[in-house]
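Right, one structure below, let's go through it.
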Amino acid sequence: MRVIIIEDEQLTAKKLVGLLKELMPDAVVIGILQSVNESIEWFGNNLMPDLVFMDIHLADNLSFSLFDRVEITCPIIFTTAYDEYALKAFEVNSIDYLLKPVGRTSLQRALDKLKRFSASYRPQENAGLIKKVADTILRGGTSYKSSLLVPARDKLIPIKTGSIATIYLEERNAVAIQYDGTKYRIGGLLDDLMKQLDPAVFYRANRQFIVAKGAITDITVWFGNRMAINLCVPVPERIIVSRTHVQEFKKWLTE
């Protein structure tokens, strides 16, 4: 059995390879892919494997975005560190998921399902099912992060997303300001952070700023049919919403 592992944590991938060797000696791991982009390239240039282990959170995006670019017709076992996803949907037709850290018992359960599944597996039909569920999650079924881990010297500190008033870009690094004025350099790109935050609560005002709805005190009508957002916390520069996004912003603010 030819197996592909899509996982950006090397230790997790290594452990999974070891468990597979124990539980399925005939399995051969033919590749370990660490990102969505790398996976798109691999599937575009190689024959379909017999099984894919796919982490949901990858460094460059959710792995669900793969299904917009490539057709994966083999069985998939999803892995995730986040149990808030509605992953029970993937148990349809015995497509399973494993909650990290992946253990021997849960992996054996998934492999047993795979054996039962293989006899009746219909690639095109099941690929369509996976794509449909992935689209549902990407459109609105996703559970967004309730906390972010931020580096502080030699520690990582969890901060509640509900305590964040704004996130802005400073020297190519993201900085979060909490409602009490505390600042944290959290790193990363605003595009990636926005995918993890609830869009009902947070809005990407422009390239530099993400703002929380609860932090907005008022709005100033700005020249050029633009708007300036005023927050309850001090920010390093004025937050301007462009003319083309004014109506979208007003709709979001009143929903």
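Residues Ile167 and Leu197 are in side-chain contact: their nearest non-hydrogen atoms beyond the backbone lie under 4.5 Å apart. Side-chain contact between Val241 and Ile219 is absent, with no heavy-atom pair separated by less than 4.5 Å. Residues Cys74 and Asp50 form no side-chain contact, since every pair of their non-hydrogen atoms from C-beta on lies 4.5 Å or further apart. Contact of the Asn225 side chain with the Val246 side chain is not registered, since no non-hydrogen atoms from C-beta on lie closer than 4.5 Å. When side chains are defined from C-beta on, Leu16 does not count as touching Val29, because their heavy atoms never get closer than 4.5 Å. When side chains are defined from C-beta on, Met1 counts as touching Leu114, because their heavy atoms get closer than 4.5 Å. A heavy-atom distance below 4.5 Å is found between the side chains of Phe202 and Met194. Side-chain contact between Leu62 and Lys195 is absent, with no heavy-atom pair separated by less than 4.5 Å.
Taking hydrophobic clusters as Ile, Leu, Val, Met, Phe, Trp and Tyr residues chained together by side-chain heavy-atom distances below 4.5 Å, Val150 shares a cluster with Ile210. The hydrophobic clustering, which links ILVMFWY residues whose side-chain heavy atoms are closer than 4.5 Å, places Leu58 and Phe67 together. Linking Ile, Leu, Val, Met, Phe, Trp and Tyr whenever their side-chain heavy atoms come within less than 4.5 Å leaves Val233 and Ile186 in two separate clusters. In the hydrophobic clustering of this structure, Tyr203 groups with Leu253; members are Ile, Leu, Val, Met, Phe, Trp, Tyr whose side-chain heavy atoms approach within less than 4.5 Å, directly or through other members. Both Leu20 and Leu23 belong to a single network of hydrophobic side chains, linked directly or stepwise wherever heavy atoms of I, L, V, M, F, W or Y lie under 4.5 Å apart.
More than 12 heavy-atom neighbours from other residues, nucleotides or ligands sit within 6.0 angstrom of CD on Gln108. In the displayed structure, Leu11 atom CG is contacted under 6.0 Å by at most 12 heavy atoms of other residues, nucleotides or ligands. Environment of CZ in Arg243: sparse, with no more than 12 heavy atoms of neighbouring residues, nucleotides or ligands closer than 6.0 Å. Within 6.0 Å of atom CD in Glu22, more than 12 heavy atoms from other residues, nucleotides or ligands are found, so the atom counts as buried in its surroundings. By the 6.0 Å contact criterion, NZ on Lys21 is open, its count of non-hydrogen atoms from other residues, nucleotides or ligands being 12 or less.
Side chain of Asn206 to main chain of Ile240: a donor-acceptor pair is present (N/O by atom type, distance under 3.5 Å, no hydrogens or angles). Looking only at distances, a side-chain donor or acceptor of Trp252 sits under 3.5 Å from a matching main-chain atom of Pro199. Formation of a donor-acceptor pair under 3.5 Å by the Lys15 side chain with backbone atoms of Val102 is found in this model. Counting only distance, with no hydrogens or angles, the side chain of Thr254 and the backbone of Lys250 share a donor-acceptor pair below 3.5 Å. A donor-acceptor pair under 3.5 Å links the side-chain atoms of Thr161 to the main chain of Lys145, judged by distance alone.
Residues Ser163 and Gln178 come closest through the heavy atom pair OG-NE2, 2.7 Å. Closest non-hydrogen pair, Tyr179 versus Cys232, comes out as CD2-SG, 3.8 Å. Heavy atoms only, all atoms of each residue included: Trp42 and Ile4 are closest at CZ2-CD1, 3.5 Å. The shortest non-hydrogen separation linking Val3 to Ala27 is CG2-CB, 4.1 Å. Between Asp55 and Asp8, the closest heavy-atom pair is OD2-OD1, 3.6 Å. Among all heavy-atom pairs drawn from Arg2 and Ile30, the shortest one is NH2-CD1, 3.4 Å.
Expressed to the nearest 0.5 Å, how far CD1 of Ile32 lies from NZ of Lys14 amounts to 10.5 Å. The CG atom of Leu51 lies 9.0 Å from the CD1 atom of Ile5; values are rounded to the nearest 0.5 Å. The OG1 atom of Thr217 sits 6.5 Å away from atom CG of Leu231, with the distance rounded to the nearest 0.5 Å. Here Phe53 contributes atom CZ and Leu19 contributes atom CG; the two are 9.0 Å apart, rounded to the nearest 0.5 Å. Summarising the geometry, atom OG belonging to Ser39 is positioned 9.5 Å from atom CD belonging to Gln34; distances are rounded to the nearest 0.5 Å. Once rounded to the nearest 0.5 Å, the distance linking OG1 of Thr79 with CE of Met54 reads 9.5 Å.
Residues forming a side-chain hydrogen bond (donor to acceptor under 3.5 Å, both in side chains) with Thr12 (at least two apart in sequence, or on another chain): Glu9.
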Point to revise | side-chain contact (heavy atoms from CB on, under 4.5 Å) between Leu169 and Arg207, worked out | key: CA-CA 8 Å; Leu169 205 57; Arg207 291 183 179 181; over 6 Å; no
Check your understanding: Checking side-chain contact (heavy atoms from CB on, under 4.5 Å) for the pair Arg69/Val36: CA distance, chi angles, key distance, verdict?
Key -> CA-CA 10 Å; Arg69 302 288 299 278; Val36 170; over 6 Å; no
Point to revise | Worked verdict on Ser35 versus Asn37 for side chain to side chain donor-acceptor pair (under 3.5 Å) | key: CA-CA 5 Å; Ser35 69; Asn37 287 333; 5.5 Å; no
Practice item. Start with the C-alpha gap between Asp191 and Arg204, add the side-chain angles, then the distance that decides, and say whether side-chain contact (heavy atoms from CB on, under 4.5 Å) holds. Key: CA-CA 9 Å; Asp191 284 345; Arg204 181 74 179 270; 2.7 Å; yes
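Annotation: ring pair (Phe, Tyr, Trp, His ring centres under 6.0 Å) contacts involving residues 204-246, sequence neighbours excluded, comprise Tyr168-Phe209.
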